Chemist: 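Have a look at this one before I ask anything.
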Protein chains: 2
Amino acid sequence: MPITIADVAARAKVSKTTVSRVLNGKGELDESTAARVRAVIDELGYVPSARAVNLARGRTRVVGMLVPSLTWPWMGEVLQGAVDVLEAEEYGLLLFTCNRGDDSMRQFGAQVAAKSFDGLLVIEPEGTLDYITTLHSRGLPMVLIDDRDQLSGGQIPTIGTTNHSGAADAARHLLAIGRHKPLVITGPARFGCTVQRTDGFSSVYAEAGHPISDAHVMTGDFTVACGADGVKQAIALGLEFDAVFCHNDLSAFGVVQAIQDSGRRVPDDVAVVGFDDIPMAAHHQPPLSTVHQPMREMGEAAARTLLAHFDGTPVPNRQTIIPATFTVRASTQA
Amino acid sequence: MPITIADVAARAKVSKTTVSRVLNGKGELDESTAARVRAVIDELGYVPSARAVNLARGRTRVVGMLVPSLTWPWMGEVLQGAVDVLEAEEYGLLLFTCNRGDDSMRQFGAQVAAKSFDGLLVIEPEGTLDYITTLHSRGLPMVLIDDRDQLSGGQIPTIGTTNHSGAADAARHLLAIGRHKPLVITGPARFGCTVQRTDGFSSVYAEAGHPISDAHVMTGDFTVACGADGVKQAIALGLEFDAVFCHNDLSAFGVVQAIQDSGRRVPDDVAVVGFDDIPMAAHHQPPLSTVHQPMREMGEAAARTLLAHFDGTPVPNRQTIIPATFTVRASTQA
DNA sequence: CTGAAAGCGCTTACAG
DNA sequence: CTGAAAGCGCTTACAG
């Protein structure tokens, strides 16, 4: 029932080889022959079977993408960036998550072994870097989207952003509006991005002559709850603060809530800055000043880098960095 | 270099047919032969090539998913639900969006024609229902996730939710807390869900003896801005209202903002209810009472329905409805 | 410029 | 219980 290359060949009275040539624009063909074949293709509505083409060519024109979860606030942006680029180049995107734990990774590993896709885009699920590195060293083309600034050993091509300078920009802004006593709610200490953001922020304050005490830096975990808890704890400890720098937007939302619950105003009494610039940040009450991570651009860059690799373009030397940019909104200015 | 079924066969001194049998557990084999083959498979780390299996079997074990955009607030939930189910059954998910307009659809159509996947999950991009219906009638197995309650002609199996009764629940709650003058900010009038939600909400108020005037129903477009605009307009018109029912959470966020900007309090002066229950709803200030749409469950159900169809299970009669549930939070109670 | 044939790496009747 | 052979639907040397 489904029509094949043989049907086209028969009807156009040429060989399958010739049909294949007009399909792929390879070899010199007589223009009239080509036209005849094209007419038959249109007439029959023939489209080559992806399955057969994949086997014959030894590739799939599909890129895999492995992400920890699809429900993180900024994940949609990364995915959209990657899909847009891949789709424009007629590649498909096969999606994998780790939502079901080890079983998910087993499933994923099986697909890798079966060569279900030509290359991989990955936002590293925590604890899988060794495994990912192994896959890379075995020859699986891949590009890492390093949301955590982990410096993956340097072997795997990586797209990153500027955690250090993004945080420094936030510090400069807070200093500029006269805030000298910031509280910091960090991400998990084991993440590179946490180290970078803490560092970038603190060093600017230190240089300005307002070093931040250890007591003012509280370890969080990127949840709304950790932001609220941090503020409550600071208040309970009697810490003075006129600003809060959070390592992500969700915790900043929690911070705003706890501050308002304590009867203080944002930004009048306490200015609040987040990190990420998730879609909700602009719509929050008050709109959140935050360090914009270029998630969509990172997704696009990762996809472009991988495709370029397929075409033989040497992968850019290690890291590609797309700068994060500070965005001012009402949570830091009246 | 990559090892094939022929390598395994040679090393185990059996035919490729026999290797294939132990791989797929088909036919009676001598247990000792099977054991020997399995040993060789393990030893060589052999995994059958997905490309070859796909061609030989005439299927791909891949499901396509077409969505309008990946950056909508609830999209991650639907995707995660679908991916979890597919992955557990060793299916892959090939992702398509319409972000680049007609060109996206052309690309998608090419993949369909090439039979790159066995079936399709679709959240209908606006204006593509005819095309989708055509694909279905041509034999592409598919399940629609009908976020807009459009009653797709009845031919395509569909997963939906209870827009009418969800809105009715919201109305009962507002009546229960003594709100008799609600404002309604709807979605686009052309959507079925808008009609259902307006209807479900209004009928409860009418039955309770508090019919809603047309002036109190304002057409929105699911954006934050439309919510804020609706409230400002209502105030400008001098309309009295003690509650606002919004057809989605984003517009409810805009409503809260405009109400507070006008110097009124939520929920004391005006109670606010949304629809969707996107992840941010619980973290909003104040936390938003809203009608929870079971997006993840809908994604799961869609995937399960499609897989069941592959196994020959007859598709459930038309619509599968997963109820929406009203969720009370601080935006409607002090 | 064009075609016959082998090959991609499996699965599946068909025989024995 | 096991294997030889054909077939899935293309692409790609190799010849002419």
Side-chain angles (χ1 to χ4, degrees), chain A residues 1-38 40-41 44-62 90 110-118 310, chain B residues 1-38 40-41 44-62 90 110-118 310:
Chain A
M1 181 69 233
I3 102 137
T4 73
I5 196 173
D7 300 322
V8 176
R11 193 147 227 272
K13 301 194 189 309
V14 296
S15 69
K16 295 189 292 177
T17 306
T18 296
V19 177
S20 179
R21 286 199 183 97
V22 350
L23 245 23
N24 302 298
K26 285 181 184 169
E28 337 272 274
L29 334 202
D30 186 290
E31 186 43 51
S32 72
T33 309
R36 184 155 38 96
V37 171
R38 269 191 283 270
V40 173
I41 288 175
L44 301 183
Y46 168 67
V47 178
S49 152
R51 289 187 307 254
V53 174
N54 289 346
L55 180 58
R57 286 216 246 257
R59 330 189 246 95
T60 59
R61 261 193 120 71
V62 166
E90 298 177 58
Q111 302 273 342
V112 173
K115 298 197 183 309
S116 294
F117 43 82
D118 300 338
F310 291 157
Chain B
M1 184 66 236
I3 101 137
T4 73
I5 197 174
D7 300 322
V8 175
R11 194 146 224 274
K13 301 195 190 308
V14 295
S15 68
K16 295 188 292 176
T17 307
T18 296
V19 177
S20 178
R21 287 201 182 95
V22 351
L23 244 23
N24 302 298
K26 286 181 184 171
E28 338 272 272
L29 334 202
D30 186 289
E31 186 43 50
S32 72
T33 309
R36 184 153 40 94
V37 172
R38 269 191 283 269
V40 173
I41 288 175
L44 300 183
Y46 169 67
V47 178
S49 153
R51 289 186 306 254
V53 174
N54 289 346
L55 179 57
R57 286 216 245 258
R59 329 188 248 97
T60 59
R61 264 194 116 73
V62 165
E90 297 176 59
Q111 302 274 342
V112 173
K115 298 197 182 308
S116 293
F117 43 82
D118 301 337
F310 292 157

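Computed over heavy atoms, backbone and side chain alike; hydrogens, waters and symmetry mates excluded. The sequence lines fix the lettering, A, B, ..., with proteins before strands; numbering per chain opens at 1. All values derive from a computational prediction rather than experimental measurement.
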Chemist: Measure CD/B:E28 against C1'/C:dG16 and give the value in whole Å, please.
Modeler: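 Roughly 16 Å, once rounded to whole Å.
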Chemist: Do A:F117 and A:V112 have side-chain heavy atoms sitting under 4.5 Å apart?
Modeler: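 Answer yes - side chains close enough.
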Chemist: For A:N54, which contact category applies under a 4.0 Å heavy-atom criterion: base, sugar-phosphate, or nothing?
Modeler: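 No contact at all - A:N54 keeps every heavy atom at 4.0 Å or more from the nucleic acid.
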Chemist: Considering only heavy atoms from C-beta outward, does the side chain of A:R11 approach that of A:L44 to under 4.5 Å?
Modeler: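 Yes, side chains in contact.
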Chemist: For C:dT11 and B:K26 - does any side-chain N or O of the residue sit under 4.0 Å from the phosphate oxygens OP1/OP2?
Modeler: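 So the side chain of B:K26 is outside the cut-off, no N or O lying under 4.0 Å from OP1 or OP2 of C:dT11.
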Chemist: So does A:R36 have more than 12 non-hydrogen atoms from other groups sitting under 6.0 Å from CZ?
Modeler: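 Above 12, so yes.
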Chemist: Taking the nucleotide of DNA chain D with the nearest heavy atom to each, does A:N24 or B:D30 sit closer to the 5' end?
Modeler: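 Per heavy-atom nearest nucleotide, the more 5' residue is B:D30.
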Chemist: With a 4.0 Å cut-off on N to O distance, would you call B:E31 and B:R38 a salt bridge?
Modeler: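 Between B:R38 and B:E31 there is a salt bridge, with a charged N closer than 4.0 Å to a carboxylate O.
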Chemist: Starting at CZ of B:R59 and ending at C1' of C:dT11, how long is that distance when rounded to a whole Å?
Modeler: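 Rounded to whole Å, this separation is 11 Å.
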Chemist: Does the side chain of A:I5 reach to within under 4.5 Å of the side chain of A:Y46, using non-hydrogen atoms?
Modeler: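 In contact.
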Chemist: Answer yes or no: does a side-chain N or O of B:T33 lie under 4.0 Å from OP1 or OP2 of D:dC1?
Modeler: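 No, no such contact exists.
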Chemist: Rounded to whole angstrom units, what separation is found between the NZ atom of A:K115 and the C1' atom of C:dC10?
Modeler: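 The distance from NZ of A:K115 to C1' of C:dC10 comes to 15 Å, rounded to the nearest Å.
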Chemist: So, do B:T18 and B:T33 sit near enough that their side-chain heavy atoms are less than 4.5 Å apart?
Modeler: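 Yes, close enough: below the 4.5 Å cut-off.
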Chemist: So A:P48 and A:L23, do their side chains get closer than 4.5 Å, heavy atoms only?
Modeler: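 Side-chain contact under 4.5 Å: yes.
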Chemist: Is any side-chain heavy atom of A:R51 closer than 4.5 Å to a side-chain heavy atom of B:K115?
Modeler: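 In contact.
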Chemist: Nucleotide by nucleotide, 5' to 3', does protein get under 4.0 Å of the base (B), only the sugar-phosphate (S), or neither (-) in nucleotides 3-9 of chain D, counting heavy atoms?
Modeler: BBB-BBB
Chemist: Please map the stems of DNA chain C, keeping only stretches of three or more Watson-Crick or G-U wobble pairs with both distances under 3.5 angstrom.
Modeler: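 Expected stems, ordered by start: C:1-3 with D:14-16, C:5-12 with D:5-12, C:14-16 with D:1-3.
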